[in-house]
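Data first, discussion second: the structure below is written as structure tokens.
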Amino acid sequence: MTDVTQSVTTQPAGTNWAGNLAYSADAVASPRTVAEVQELVRAAASAPSRVRALGTRHCFNDLADTDGLLVSLAGLDPVADGHLQLQTGEDGVTTVRASAGTRYGDLAAALLPLGLAVHNLASLPHISVAGAIATATHGSGDTNRGLGGAVVGLELVTGTGELLELRRGQDGPVPFDAAVVHLGALGIITHVTLAVEPAFDVRQDVFQDLPWESLAQHLDEITGAAYSVSVFTRWNEGGPDQVWLKSRMDALGEGPLGEGGALAYQDDFFGARRATTALHPLPGISAVSCTDQLGVGGPSHVRLPHFKMEFTPSNGAELQSEYLVPREHAVAAIEALRGLRERIVPLLQITEIRTMASDGLWLSPAGQYDAVGLHFTWLPLQAEVEALLPVIEEALAPFDARPHWGKLFTTDAARLAELYPRLGDFAQLAETLDPAGVFRNDYLDRVLRST
Ligand SMILES: Cc1cc2nc3c(=O)[nH]c(=O)nc-3n(C[C@H](O)[C@H](O)[C@H](O)COP(=O)(O)OP(=O)(O)OC[C@H]3O[C@@H](n4cnc5c(N)ncnc54)[C@H](O)[C@@H]3O)c2cc1C
């Protein structure tokens, strides 16, 4: 057997995107074939040592960390080499199989010439497919499930080096809905198959200064006014600063509410006024990095994220947290956070409120119900932020707030087990697929501890 740890290219592990974590790994290996991934995992299992996949480094916590070897899938079947495999099933649904390390923005750009699109995107398009679904990454939209909601197939290398193919609707010993939001605990995912849609255009309209009363009284109309809606707030007394409406062009004209809504509201959107210049979510910052606004239509993948693919931030002076609450608790949860504004504002850059449809995935914060996400982009003051998070978590506890797995949170294992009825089953599944614990790390030891 060749010593794959010698033949695969490696580089220093470095830090995560935010720069708040230096990975403890020895190095990042970049295998070019699935067989090399299997060899790396087998080598770790027999050492014994640890190994873990690394995506595009966008987690704000130590979820991706390991004290062994990190493995990047970026060099495995890159999209640019024409490795997209399309298939249309008997149900008429078209699927695409892509390498796990593919960035969503690259995938979407490659799909467009084929007349296809992914259903939704996160706020930025630079995030890898397997890393995004690992943590239940989502965009916004009342009818849009998180990005994992489109996954119909997974190919992964388990902790014993075995190659496993999972397919939605064909459950074997590994339930498919358990494996999509995977926390990197079940294996190294090598390929992901996603359901895609006919390409569609989106226009983006921004409104400013929404009164709090409007949000409380008309939340459903506001978040239902376009395909994807984001409300940005700095928790000012008057109300949220901006509302971004991303409307499907093929649904325009169905207004006054529903997806055609952006056109129905000329200058007054529930008391907010239409912006006449392009805006960054943070006041005073140039909108040059933001996706085009002012109602100009364009392909969905250059409107649904907030930020453009060509502005590749190597790191960011920010931290993030997010809590998802069942939709019926959203107004009360927002009120509870307003009560904490004196504590939140000194550490905050911006809060974003988004919606997502229930996706049925075991570890998705929107797994069992339609949810509203309450997101915080913090100043890079980790100690202060971590001191405030328990206060926020306590205020949101009556609303069953589930933290975003990839962002900063302090919710402990016992509480997570209450919030996720299948967390114990997931922990058992991880042990079955990874008996030697090669994918385990401090994060998994913490969150799967009491199960
Ligand atoms: C600026 C910024 C904006 C963001 N916007 C959003 C947003 O709009 N919505 C949202 O929900 N989240 C958002 N996030 C959070 C982000 O989407 C998640 O943290 C996501 O998990 C990051 O993906 P990644 O590829 O960078 O993963 P990494 O941080 O590299 O890894 C995340 C996890 O995935 C695992 N993993 C990665 N690849 C594989 C693989 N091939 N096989 C097995 N496991 C793997 C890693 O081991 C780790 O456990 C944002 C983050 C940043 C920095």
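Counting starts at 1 for both ligands and their atoms, in listed order. Quick caveat: nothing in here was measured; it's all calculated off a predicted structure.
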Open item on the list: Applying a heavy-atom cut-off of 4.0 Å, say which part of L73 lies close to ligand 1: side chain, backbone, both or neither.
Closed with: side chain

Open item on the list: Does R57 qualify as a cation-pi partner of W17, given the criterion of NZ or CZ under 6.0 Å from the six-membered ring centre and within 45 degrees of its axis?
Closed with: no

Open item on the list: For ligand 1 and H58, I'd like to know whether there is a polar contact (N/O to N/O, distance under 3.5 Å).
Closed with: yes

TODO: Under 4.0 Å from a heavy atom of A100: give me the atoms of ligand 1 that qualify, with their elements.
DONE: 41 (N)

TODO: Decide whether an N or O pair under 3.5 Å exists between I127 and ligand 1.
DONE: no

Open item on the list: Checking contacts here: is it the side chain or the backbone of L156 that comes within 4.0 Å of ligand 1, counting heavy atoms only? Could be both or neither.
Closed with: neither

- [ ] For this output row, return yes or no: ring centroids of Y420 and W362 closer than 6.0 angstrom.
- [x] no

Task: Backbone of A29 reached by a side-chain donor or acceptor of T10 within 3.5 Å - done: no

Open item on the list: If the contact criterion is a heavy-atom separation under 4.0 Å, does K407 count as touching ligand 1?
Closed with: yes

Open item on the list: Could you tell me, atom by atom, which parts of ligand 1 come under 4.0 Å of a heavy atom of A130?
Closed with: 38 (N), 39 (C), 40 (C), 41 (N)

Task: Contact atoms of ligand 1, heavy-atom distance to G184 under 4.0 Å - done: 44 (N)

Open item on the list: Can you name the atoms of ligand 1, numbered from 1 with element, that are less than 4.0 Å from a heavy atom of H182?
Closed with: 43 (C), 44 (N), 45 (C)

- [ ] State plainly whether the residues D292 and K308 are in salt-bridge range, i.e. N to O under 4.0 Å.
- [x] yes

Task: Cation-pi check, R168 onto F176 ring (under 6.0 Å, within 45° of axis) - done: no

- [ ] Could you tell me whether R42 and E36 have a side-chain N and a carboxylate O separated by less than 4.0 Å?
- [x] no

Open item on the list: Side chain or backbone, does Y23 bring an N or O within less than 3.5 Å of an N or O on ligand 1?
Closed with: no

TODO: Run the ring-centre check on F232 versus H306 and record whether the distance is less than 6.0 Å.
DONE: yes

TODO: Could you tell me whether some N/O pair between A134 and ligand 1 is separated by less than 3.5 angstrom?
DONE: no

TODO: With heavy atoms of R354 as the reference, note each atom of ligand 1 found under 4.0 Å away.
DONE: 7 (C), 8 (O), 9 (N)

TODO: Look at the aromatic rings of Y323 and F376 and report parallel, tilted or perpendicular, splitting at 30° and 60°.
DONE: perpendicular

TODO: Please indicate whether any nitrogen or oxygen in W17 is less than 3.5 Å from any nitrogen or oxygen in ligand 1.
DONE: no

TODO: Would you mind finding which of A53, S123, S128, C59 brings a heavy atom closest to atom 5 (N) of ligand 1?
DONE: S123

Open item on the list: Please check whether E322 reaches ligand 1 - meaning an N/O of the residue sits under 3.5 Å from an N/O of the ligand, judged on distance alone.
Closed with: no

TODO: Establish, yes or no, whether the cationic atom of R52 lies under 6.0 Å from the six-membered ring centre of F439 and within 45° of the ring axis.
DONE: no

Task: Charged N-O contact under 4.0 Å between R415 and D400 - done: yes

TODO: Kindly assign one of parallel, tilted or perpendicular to the pair H126 and H58, based on the angle between their ring planes and the thresholds 30° and 60°.
DONE: parallel

Open item on the list: Can you tell me which portion of W405 lies within the under-4.0 Å heavy-atom range of ligand 1? Options are side chain, backbone, both, or neither.
Closed with: neither

TODO: Could you list which atoms of ligand 1 come closer than 4.0 Å to a heavy atom of T135?
DONE: 18 (C), 20 (C), 21 (O)

- [ ] Would you mind running through ligand 1 and noting each atom that sits below 4.0 Å from a heavy atom of G187?
- [x] 42 (N), 43 (C)

Task: Best match, Y443, Y104, F439, F60: closest heavy atom to atom 51 (C) of ligand 1 - done: F60

Task: atom 49 (O) of ligand 1 [closest protein heavy-atom partner, distance rounded to 0.1 Å] - done: R52 NH2, 2.9 Å

TODO: Check each atom of ligand 1 against the heavy atoms of I188 and keep those under 4.0 Å away; list them by number with element.
DONE: 42 (N), 43 (C)

- [ ] Using a 4.0 Å heavy-atom cut-off, say whether T137 meets ligand 1 through its side chain, its backbone, both or neither.
- [x] both

Task: Ring centroid separation F307 to H280 under 6.0 Å - done: yes

Open item on the list: On a heavy-atom basis, I'd like to know which of G55, A185, A18 is closest to atom 37 (C) of ligand 1.
Closed with: G55

Open item on the list: Tell me whether D201 is salt-bridged to R203, with the criterion being a basic N under 4.0 Å from an acidic carboxylate O.
Closed with: no

